[in-house]
Amino acid sequence: MPELPEVETVRRGIEPHVVGRTITAVHVHDARLRWPVPPDFAAFALGKRITEVSRRGKYLLLALGTDASGGRIIVHLGMSGRLNVLDDQPPLRKHDHIEIELSGGLRLRYHDPRRFGAVLPWSADAPGHVLLDELGPEPFAPEFNGDYLFQRSRGRRSPLKNFIMDGHIVVGAGNIYAAEALFRAGLRPTRAAGKTTRAEYARLAQTVREVLGDAIQQGGTTLRDFAGAHGEAGYFQQDLYVYGREDQPCRICGSIIKGLRLGNRASCYCPRCQH
DNA sequence: CTGTTAACCTGAGTGC
DNA sequence: TGCACTCAGGTTAACA
């Protein structure tokens, strides 16, 4: 479900409600996630104050205590995760895994039917975290640019789409936004990463940033079940040019959008607009 | 090292 | 209704 824009939408949704509040109770109803919620998670979080809500790639980070002196909570939404801010206490639904009660009567509820997500403690003493240490740059960071992609791609034979979906190259572009960024750059997803030119990568770095930024402005893409921190849908699905549009006419040139599979993922491109 | 595949899960949709 | 099958926004472990 959630790529960078959806995670950022959730981050912005919860931030103003949780920063400054103290964790007064933690209920782990079902610890079975991508990695099990460790037994000491509740004790780790209890009594600490949330001081910051940040994001690294598709990971949400809740800093605990003054300048994270109490560590952080790492949240990943996987394919079907939701993190909601509640000001009441509706009955627990199936797949409501974790509830974090906050001072002032608010609560955070983590819900994840497919259980590909994660909620983990990150101790303040740990220098880094194995899930974050090897990630590529943020797409909005200055070091993410055409020259960087060009340099990292030399000698690589994998398709361009797989290359930019690799979180070790750049974080945040999943199946939707990789396809859309490639369309905006006029590049086919099947192109060999190592044979793409410096000028083309300059365009691609630009369109990756642009499409992610546009999607954040629209509150993300809601195809089936994505919802923000308050249950609201996103609107970027109205702005998709190729994702999910196989066999439909290109919105620019009218050619029929082609579908294929790359690395076990559905992919789409316009045979006329993309080369 | 690079690259490909299967695997982890549930639920929604489709076709018979 | 029921059953079998396919597919889904992510990531990594195992393998060639």
Side-chain angles (χ1 to χ4, degrees), chain A residues 1-11 30-37 55-60 74-83 93-97 110-120 129-136 139 151-182 189-195 208 211-212 214-216 218-228 233-240 242-247 259-268:
Chain A
M1 158 225 276
E3 303 181 37
L4 187 150
E6 289 74 33
V7 177
E8 178 63 18
T9 297
V10 171
R11 191 197 70 76
D30 185 349
R32 297 175 304 160
L33 289 171
R34 176 71 191 271
W35 297 280
V37 182
R55 178 188 56 70
R56 177 72 177 100
K58 299 170 189 169
Y59 294 90
L60 279 172
I74 300 177
V75 179
H76 195 287
L77 301 177
M79 290 279 264
S80 57
R82 289 192 188 197
L83 187 64
R93 290 176 305 161
K94 199 174 179 182
H95 309 304
D96 281 341
H97 282 76
Y110 181 85
H111 174 90
D112 188 2
R114 291 181 71 184
R115 312 206 310 257
F116 289 166
V119 176
L120 295 168
H129 194 284
V130 64
L131 292 176
L132 307 174
D133 290 344
E134 307 295 320
L135 293 178
Q151 177 252 318
R152 290 296 304 269
S153 61
R154 291 310 89 183
R156 296 236 189 183
R157 281 188 231 190
S158 66
L160 199 45
K161 174 157 173 277
N162 301 29
F163 178 67
I164 61 165
M165 285 178 67
D166 182 346
H168 300 102
I169 301 300
V170 60
V171 295
N175 207 29
I176 298 177
Y177 301 112
E180 294 298 312
L182 287 163
T190 49
R191 282 275 288 272
K195 291 189 174 171
V208 167
V211 75
L212 294 175
D214 289 352
I216 290 170
Q218 298 290 324
T221 300
T222 296
L223 298 175
R224 278 165 286 276
D225 56 3
F226 169 71
Y235 293 95
F236 193 75
Q237 60 275 17
Q238 299 171 353
D239 296 331
L240 299 175
V242 286
Y243 180 87
R245 301 198 64 250
E246 180 177 349
D247 299 332
L260 74 160
R261 285 191 87 80
L262 286 174
N264 272 329
R265 313 283 265 156
S267 304
C268 292

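Letters A, B, ... mirror the listed sequences (proteins, then strands); counts begin at 1.
- Between A/Phe116 and C/dG10, a base-stacking contact is recorded: ring centres under 5.5 Å apart, planes less than 30° from parallel.
- Going from atom CZ of A/Arg115 over to atom P of C/dT11 covers 18 Å, rounded to whole Å.
- Tested against A/Phe236, the residues A/Thr222, A/Leu212, A/Asp214, A/Ile216 include a single side-chain contact (heavy atoms from CB on, under 4.5 Å) partner, A/Asp214.
- Using atom P as the reference point in both B/dC9 and C/dA14, the two lie 15 Å apart (nearest Å).
- In this structure, A/Ile176 atom CD1 and C/dG10 atom C1' are separated by 12 Å, rounded to whole Å.
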Secondary-structure notation, DNA chain C, from Watson-Crick and G-U pairs under 3.5 angstrom (| other strand): .|||||||.|||||||

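- Between A/His111 and A/His95, the ring-plane angle classifies as perpendicular under the 30° and 60° cut-offs.
- Listed for the A/Asp239 side chain is no donor-acceptor partner under 3.5 Å among the backbone atoms of A/Ala215.
- Not a single donor-acceptor pair under 3.5 Å links the side chain of A/Thr9 to the backbone N or O of A/Gly228.
- Here C/dG10 presents its C1' atom at 8 Å from CZ of A/Arg34, a figure rounded to the nearest Å.
- Toward the 5' end of DNA chain C, the nearer of the two residues A/Arg261 and A/His76, judged by each one's closest nucleotide, is A/Arg261.
- Protein chain A touches strand DNA chain B; the 5'-most and 3'-most nucleotides with an atom under 4.0 angstrom of its non-hydrogen atoms are B/dT2 to B/dG11.
- In this structure, A/Leu33 places its CG atom 15 Å from P of C/dT11, rounding to the nearest Å.
- Panel note: side chain A/Glu6, backbone A/Thr221; a donor-acceptor pair is recorded below 3.5 Å.
- Side chain of A/Arg261 to main chain of A/Ser267: no donor-acceptor pair is present (N/O by atom type, distance under 3.5 Å, no hydrogens or angles).
- Nearest nucleotide to the A/Tyr59 side chain, out of C/dG10, C/dT11, C/dA8: C/dT11.
- The side chain of A/Arg265 places an N or O atom within less than 4.0 Å of a non-bridging phosphate oxygen (OP1 or OP2) of C/dG9.
- In this structure, A/Arg32 and A/Pro159 both approach DNA chain B, and ranking their closest nucleotides by distance from the 5' end singles out A/Pro159.
- The closest side-chain heavy-atom distance from A/His97 to A/Val119 is not below 4.5 Å.
- Residue A/Asn162 is the one, among A/Asn162 and A/Lys94, whose nearest nucleotide of DNA chain B lies closer to the 5' end (criterion: closest heavy atom).
- Side-chain contact check for A/Leu77 versus A/Lys58: every heavy-atom pair is 4.5 Å or farther apart.
- Rounded to whole Å, atom P of C/dG9 lies 10 Å from atom NZ of A/Lys58.
- The separation between A/Trp35 atom CH2 and C/dT12 atom C1' is 7 Å, rounded to whole Å.
- OP1 or OP2 of C/dG9 has not a single side-chain nitrogen or oxygen of A/Tyr177 nearer than 4.0 Å.
- The distance from atom CZ of A/Arg56 to atom CG of A/Leu4, rounded to the nearest 0.5 Å, is 10.0 Å.
- Rounded to a whole Å, the CG atom of A/Leu132 is 13 Å from the C1' atom of C/dT11.
- Formation of a donor-acceptor pair under 3.5 Å by the A/Arg55 side chain with backbone atoms of A/Gly57 is found in this model.
- Nucleotides C/dG9 and B/dG3 place their P atoms 22 Å apart, quoted to the nearest Å.
- Within 4.0 Å (heavy atoms only), A/Asn264 reaches at least one base atom of the nucleic acid.
- Between A/Glu8 atom CD and C/dG9 atom C1' the separation is 17 Å, expressed in whole Å.
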